[in-house]
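Everything below concerns the one structure shown next.
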Amino acid sequence: MASPTLGRYNSPPFVFSYSDRIYPMNIRELLNQKVLNAMAAVGVPSDLPALIAPSKKAGFGDYQANCAMGAAKAMGTNPRELATKIVAALDLEGIAEKIEIAGPGFINIDLKPEWLGEQIAKAQRDARLQVEQVSSPQNVVIDYSGPNLAKEMHVGHLRSTIIGDSLARLLEFQGHNVIRQNHVGDWGTQFGMLIAELEEQLGAKGDEAMALKDLEVFYQQAKKHFDDDEAFANKAREYVVRLQSGDAQMLKLWEQFKTSSLHHSTEIYQQLNVTLKDTDVRGESFYNNDLAPVVKELQNQGLAVESDGAQVVFLQELADKEGNPSPMIIQKQGGGFLYATTDLAALRYRVNTLKANRIMYFIDARQSLHMQQVFTLSRNAKFVDESVSLEHLAFGTMMGSDGKPFKTRTGGTVKLAELLTEAVERAGALVSEKNPDLPSDEIAEISRKVGIGSVKYADLCKTRTNDYIFSWESMLSFEGNTAPYLQYAFTRVQSIFRKAGVTPESLTNAIIIGTEQEKTLAIKLLQFSEVLDQVAREAMPHLLCTYLYEIASLYMTFYEACPILKDGIEADVRDSRLRLCHLVARTIQQGLELLGIEVMERM
RNA sequence: GCACCCGUAGCUCAGCUGGAUAGAGUAGCGGCUUCCGAAGCCGUUGGUCACAGGUUCGAAUCCUGUCGGGUGCGCCA
C-alpha cells in the first residue's frame, strides 16, 4: 500500500503487470495508467499527472482526464491539439465506447456497458466485492475513545469512539494489522478522592457494584464530600500519595473502582456495537514506570530544562511570530508528572513494543497544540523514527441546536447511556407505527439497530474536523442522508429476493447494462474500493457515508425506472437486474459494517 | 497578544490532486400508488461561496489582508 501521507491524492506512479494482480484496479487507477501511457507516447514529461476524475455532469462522459491543459502549458503547446494527440495514442479498446475532447481540452471518456457489466459480475461473485487486500500491511495503532474512568461516559466521548472504531474496522478490512488502544483516564489526583469515598461507602453499602451503580452520582458525592469535609479532603490527598507510592490497600481499592467503571464502559461499547474489548485498555497508569525515565532521557539530551522548579521543554519548531518557543511542561515542581509525560511514554510503548508504523489519535481538536507538542518532541528526542506516521485526527465539538456545546436542559453533560436509550425508544416508536404487524421481538431488534445506527451515522456523516449540531429531528426523521434510509434500501433488496424466490448465488447470467440508470448505478458501485482507499488515507468516514447514500439514492432511482419482477420483463433482464440489486445490498451492508452499523431483513 | 479551526441556499451540510453551468438533504410549492415496500420517486423555487486584493487559460478550493464566530496558549487531563 502507498505511504500514509495524508491530505493529497498521489497519482499512483507504480508500475505493474496486470496479470500479476488477483484483483483488477479500480476504474480510476486503470484510466490513470492508460492515460499516463498515452501521455508518455506523445512526449509529455512523465512527472505530469493524468488528472482522472469521475465527471460531475451528465454529458461530460463518465470519467474525464484533465491533463491536457496543464501539460500544454508546461510544454508551450496548444491544449486542444495536445488532447487530440493523447486521445489518438490512448488505448481503451474494450473499456470505453467513446472518447471526446471538449472545451479547452477536457478529455471525456464514456465507458462501455459490456465492460461495466463484466466488472459488476466479478464484484457480485467476489466475497470481498473486488476490494483488494493491501500487499504490505502496516501495524496501525489506533488511539480512541479514552474515557475518564472517574466519570460516566458522556456525549463528549461519542465522536472519538465511533469514528475511531470505524477506521479500525476499515483498516482491518483492507488487511492492516490494527492495534486498538483505549487510553482510559485511570490516574491522577481525583482518584484519591474517589477511593476514599469508595472505602467509606463499602462499609455502608456492602460491595462496590452497589456503591458504583451510578458513577455520576458517586462522583458528585465524593466531590461534595471533598469540598465540605476538611478531614475527608485531607484523607483524599493522603490516599493519592499512598496510591502513587504503591500502597497495597490503596491499589486494591483503586482496582475495584477501575474494574467497576470499566464494566460500565464495556456495556456502552456493546450497546454501541463498538469493537473495543477490555484487552484493548492501556490506561494512563500503564505507563507509570516509564515517566521518570522519559524525563531523565529528555534531561540527558539537553531538551528538558528547569524553569520555575518544573521541567520544561521549549519547542522552537512551534514558536510564534516573535520567535518565542512553545513551552511544554513534562514535570511539575514537586515532581509530579503530567499527561504530556504519559503521552510520550505511551508513544515509546507503541513504537518500541507494538512496532507501530502508523499511529492514529482520534482526539478532540482542542488538544491540537498538545498533540503537536508531543509529536514534535518525540521526533526531536528520537523516540519515534521518521518512518512512523503520527496523526492527530482531530474532530470538532458536538453542539446543541443553540450552537453551544451539547448539554442537558439543566446544563449538565448528557450521559451516553441515556442518549442511546432515547435513540432506541424513538426508533421503536417509529418502527411500530410504520410496521405494527411485526412480532415484538423483531421490532425490538430493529429499533435497536435503527436507533443506534442513527446516532452513529449522524456523527460519521459529518466532516470530522468541523463542529456539528446534534439534532434528534434530523437524525431520526429517517429522511435524507441517514442510517435508516440506507437500511431501508437494504431491506428493499431483501424483499425483492424474497418475492423472486431465488438465491443470489444461483444467478450466473450476464449482466446487461441497458439503461442510463443501470449504467450510473454500475459505475458508482465500481468505485467502492476508491472510496475506501481515500477514507483510509484521510481518516474521513463521511466520504464513505456520502458514497453509500449515493448508492442507495441511485438504487431507488433505478428501482423506479427499471422493473424487475413485473410482467413482460425477460428472464435475462430480470436476472441481470437481480444481480445488480444484490451487489447494491452487499455494498451497503459491507459499507455500513465498516461504519459499525447493522442491517436487517425487514423494517 | 499569539496560535489553530471555521464562514457555501431559510436550516443542516457536501464540494476529492485548482477544472466545464457550485451540489445534496430538509423546509416551501406541484406531481406520482389498479404495478417489485410511498421510511419512496419525479419536477420546481432558493446562493455576491463573509469581504477585498493577488497568483493563472481557469479559484468555493492556493497566497495576503480585513471583518465575524469558535477553540487553545508553563505546573488539570
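Remember, it's a predicted structure, so these values are computed and weren't measured experimentally. Any value given below was found using the heavy atoms of this structure, including those in side chains, with hydrogens, waters and symmetry copies removed. Throughout, protein chains are lettered first and strands after them, A, B, ... in sequence-line order, and every chain is numbered starting at 1.
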Which part of the nucleic acid, if any, lies within reach of [X] when heavy atoms closer than 4.0 Å are counted: base, sugar-phosphate only, or nothing?
X      : result
A/F337 : sugar-phosphate
A/M69  : base
A/D364 : nothing
A/Q534 : sugar-phosphate
A/L315 : nothing
A/A310 : base
A/K321 : sugar-phosphate
A/C562 : base
A/I469 : sugar-phosphate
A/P563 : base

Find the distance [X]:[atom1] to [N]:[atom2] and express it as a whole number of Å.
X      : N     : atom1 : atom2 : answer
A/Q367 : B/C5  : CD    : P     : 17 Å
A/Q64  : B/G19 : CD    : P     : 9 Å
A/L369 : B/C5  : CG    : P     : 12 Å
A/L460 : B/U12 : CG    : P     : 20 Å
A/Y468 : B/G7  : OH    : P     : 18 Å
A/M328 : B/C75 : CE    : C1'   : 13 Å
A/N108 : B/G19 : CG    : P     : 15 Å
A/Q527 : B/C16 : CD    : C1'   : 11 Å

Report task. Ignoring hydrogens and angles, tell me if any N or O in the side chain of A/N78 forms a donor-acceptor pair with the backbone of A/E81 under 3.5 Å. Result -> yes
Does [N] have its OP1 or OP2 closer than 4.0 Å to a side-chain nitrogen or oxygen of [X]?
X      : N     : result
A/K404 : B/G70 : no
A/K56  : B/U21 : no
A/Y485 : B/C41 : yes
A/H542 : B/G15 : yes
A/T557 : B/C42 : yes
A/S495 : B/G37 : yes
A/R577 : B/C36 : no

Requested in this report: For A/I329 and for A/T491, locate the closest nucleotide of RNA chain B by heavy-atom distance; then report the residue assigned to the nucleotide nearer the 5' terminus.
Outcome: A/T491
**Report entry** First encountered from the 5' end of RNA chain B, between A/G309 and A/I446
**Finding:** A/I446
Query - Partners passing salt bridge (charged side-chain N to carboxylate O under 4.0 Å, His left out) against A/K449 (at least two apart in sequence or in another chain) - result: A/E445
Report task. Compute both the distance and the angle, then confirm whether A/R492 meets the cation-pi test with A/Y559: under 6.0 Å from the six-membered ring centre, within 45 degrees of the axis. Result -> yes
Requested in this report: Measure from the ring centre of A/F106 to the centre of the six-membered ring in the base of B/A20, then say whether that distance is under 5.5 Å and the planes meet at under 30°.
Outcome: yes
Query - Pair A/H370 and A/Y361, ring centroids less than 6.0 Å apart - result: no
Requested in this report: Measure centre to centre between the rings of A/H392 and A/F362, then say whether the value is under 6.0 Å.
Outcome: no
Report task. Taking atom types as modelled, find out whether A/Q373 and A/S326 have a side-chain donor-acceptor pair closer than 3.5 angstrom. Result -> yes
Requested in this report: Quick one: classify the glycosidic conformation of B/G54 as syn or anti, with syn meaning within 90° of 0.
Outcome: anti
